[in-house]
Protein chains: 2
Amino acid sequence: MTEPSLLRIGDLAAATGTKIVTIRYYEKIGLLPAPPRTGGNYRAYSTTHRERLSFIRRSRALGFTLDEIRELLELSADTERDCAAVDRLVTSHLVEVEDKIADLQRLASELRRMKESCRGGTIDDCRIIEALSSQPTLP
Amino acid sequence: MTEPSLLRIGDLAAATGTKIVTIRYYEKIGLLPAPPRTGGNYRAYSTTHRERLSFIRRSRALGFTLDEIRELLELSADTERDCAAVDRLVTSHLVEVEDKIADLQRLASELRRMKESCRGGTIDDCRIIEALSSQPTLP
DNA sequence: CTTGACCCTATAGTGGCTAGAGGGTGCAGC
DNA sequence: GCTGCACCCTCTAGCCACTATAGGGTCAAG
Ligand SMILES: [Zn+2]
Ligand SMILES: [Zn+2]
Ligand SMILES: [Zn+2]
Ligand SMILES: [Zn+2]
């Protein structure tokens with residue numbers, strides 16, 4: 001019979017490691033439902049809100065976009081459904097992340113190559129500047 | 001004595017693999033100098049512009065921000081100066097890239113772990129949803 | 001003299017927030 | 001009561017690096 005305690009936005013922010021403005025932003029874009037208000041027009045959140053926001057933040061920490069999170073939230077509410085759709089979403093996000101890693105590794109090795117080519121001296125002789133000035137664009 | 005040929009914005013775009021709107025954007029933010037205009041008010045670029053834009057695009061392909069590129073461009077014009085500043089810029093950018101790679105690798109391995117934990121079935125039993133709903137946020 | 005490829009400006013939108021102005025609320029201490 | 005303070009409210013604008021759209025003008029070929 002313990003009623004879930006009501007949280008003010010600052011409490012919810014502290015409980016989930018989210019900034020207050022970010023919480024209001026999530027409400028504005030319809031990711032977090034607008035909570036009831038107190039007499040003084042303060043937002044009054046319940047534990048349901050807290051759970052949903054935690055879900056969002058954990059998903060964000062894994063790099064999901066807000067749209068992907070919207071989908072995950074919808075799926076998670078559809079409890080009887082097969083979870084293959086969740087797997088697909090996670091898999092395709094993982095592929096994105098792996099692609100991004102591969103991109104960045106190409107950049108990093110090119111940057112290291114450039115760095116090693118520099119033997120000091122004036123800008124005029126700098127191999128880094130030379131590379132940026134005349135090498136072909138990366139494929 | 002061969003005068004450098006004048007390029008219209010579409011030619012410059014084709015020559016550097018840049019979109020026309022992006023070229024105008026670079027001009028607007030002062031990264032690429034505004035070229036003279038023809039009678040019909042078309043931008044008329046010279047090879048100097050083409051070289052500068054190529055430099056910008058190659059630097060972008062290496063992940064430098066436009067502000068970093070602004071600095072690189074300033075440095076590259078200061079031909080007698082010691083190139084240590086260039087090295088510092090490249091090194092700090094490389095560190096950024098490496099940090100980003102490390103971040104993404106953490107995400108990827110967490111995503112793979114979650115994916116493996118899913119044994120199929122309904123959403124209600126899905127370990128992925130469970131992990132997003134109740135695991136502690138990543139550190 | 002019309003077609004069509006090309007060019008121009010200006011404005012607004014993307015994602016995921018962040019910053020600031022200008023004000024209201026609620027509670028403790030005096 | 002009254003003041004100070006932490007907290008809350010809305011609204012607008014800004015960040016990065018573009019991208020998209022509307023509503024026009026230019027120019028050479030057929
Ligand atoms: Zn994704
Ligand atoms: Zn050097
Ligand atoms: Zn950088
Ligand atoms: Zn599952």
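Letters A, B, ... mirror the listed sequences (proteins, then strands); counts begin at 1. None of the values given here were measured: they were computed from a predicted structure. Atoms considered below: every heavy atom in the structure, side chains included; atoms not considered: hydrogens, waters and symmetry mates.
- Contacts between chain A and DNA chain D, taken as any atom within less than 4.0 angstrom of a protein heavy atom, begin and end at dC7(D) to dT10(D).
- When heavy atoms are screened at a 4.0 angstrom cut-off, Phe64(B) is found touching no nucleic acid atom at all.
- Put simply, CD1 on Ile69(A) is 10 Å from C1' on dG16(C), counting in whole angstrom units.
- Taking atom CD1 of Ile23(B) as the reference point, atom P of dC6(C) lies 14 Å away to the nearest angstrom.
- The shortest distance between side-chain heavy atoms of Val90(B) and Leu111(A) falls below 4.5 Å.
- Among the heavy atoms of the strands, none lies under 4.0 Å from Ile29(A).
- Contact between the side-chain N/O atoms of Arg37(B) and the OP1/OP2 oxygens of dT9(C) is found at a separation under 4.0 Å.
- Judged by distance alone, with hydrogens and angles left aside, Tyr42(A) brings a side-chain donor or acceptor within reach of the base of dG24(C), the pair sitting under 3.5 Å.
- The CG atom of Leu132(B) lies 11.5 Å from the CD1 atom of Ile56(A); values are rounded to the nearest 0.5 Å.
- Rounded to 10°, the angle separating the first-five-pair axis and the last-five-pair axis of the helix from dC1(C)-dG30(D) to dC30(C)-dG1(D) equals 30°.
- In terms of the salt bridge (charged side-chain N to carboxylate O under 4.0 Å, His left out) criterion, residue partners of Asp67(A) (sequence neighbours excluded) are, by chain and number, Arg70(A).
- Both Val21(B) and Gly40(B) lie near DNA chain D, and the one whose nearest nucleotide falls closer to the 5' end is Val21(B).
- Annotation: of the two residues near DNA chain D, Lys28(A) and Arg43(A), the 5′-most nearest-nucleotide partner is Arg43(A).
- Distance Arg8(A) CZ to dG26(C) P: 9 Å, rounded to the nearest Å.
- We find that CG of Leu32(A) is positioned 15 Å from C1' of dG16(C), with the value rounded to whole Å.
- Atom CG of Leu12(B) is separated from atom C1' of dC7(C) by 14 Å (rounded to the nearest Å).
- Among residues at least two apart or in separate chains, side chain to side chain donor-acceptor pair (under 3.5 Å) pairs with a member in residues 96-105 of chain B are Arg112(A)-Glu98(B), His93(B)-Glu96(B), Asp103(B)-Arg106(B).
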Q.
Quick one, Ser133(B) with Ser76(A), criterion side chain to side chain contact (heavy atoms under 4.5 Å, CB included). Give me CA distance, side-chain angles, the key distance, then yes/no.
A. CA-CA 9 Å; Ser133(B) 298; Ser76(A) 76; 5.7 Å; no
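- Across all strands shown, Thr65(A) has heavy atoms under 4.0 Å from sugar-phosphate atoms exclusively, and none from any base.
- In this structure, Ile9(A) atom CD1 and dT25(C) atom C1' are separated by 15 Å, rounded to whole Å.
- A search for salt bridge (charged side-chain N to carboxylate O under 4.0 Å, His left out) contacts involving Asp125(A) returns nothing, not counting sequence neighbours.
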Atom pairs and distances, side-chain donor-acceptor, residues 20-34 of chain B, under 3.5 Å, sequence neighbours left out:
residue	atom	partner	partner atom	Å
Tyr26(B)	OH	Arg57(B)	NH1	2.8
Glu27(B)	OE1	Arg43(B)	NE	2.8

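- Residues Arg50(A) and Asp11(A) are not in side-chain contact: their nearest non-hydrogen atoms beyond the backbone lie 4.5 Å or more apart.
- Phosphate contact (OP1/OP2 of dG16(C), side-chain N/O of Thr22(A), threshold under 4.0 Å): absent.
- Closest non-hydrogen pair, Leu7(B) versus Ser46(B), comes out as CD1-O, 4.5 Å.
- Following chains of ILVMFWY side-chain contacts shorter than 4.5 Å, one cannot reach Tyr42(A) starting from Tyr45(A), and the two form parts of different hydrophobic clusters.
- When the C1' atom of dG16(C) is taken as reference, atom CG of Asp67(A) falls 11 Å away, rounded to whole Å.
- Per the geometry, CG belonging to Leu66(A) stands 13 Å off P belonging to dT14(C), to the nearest Å.
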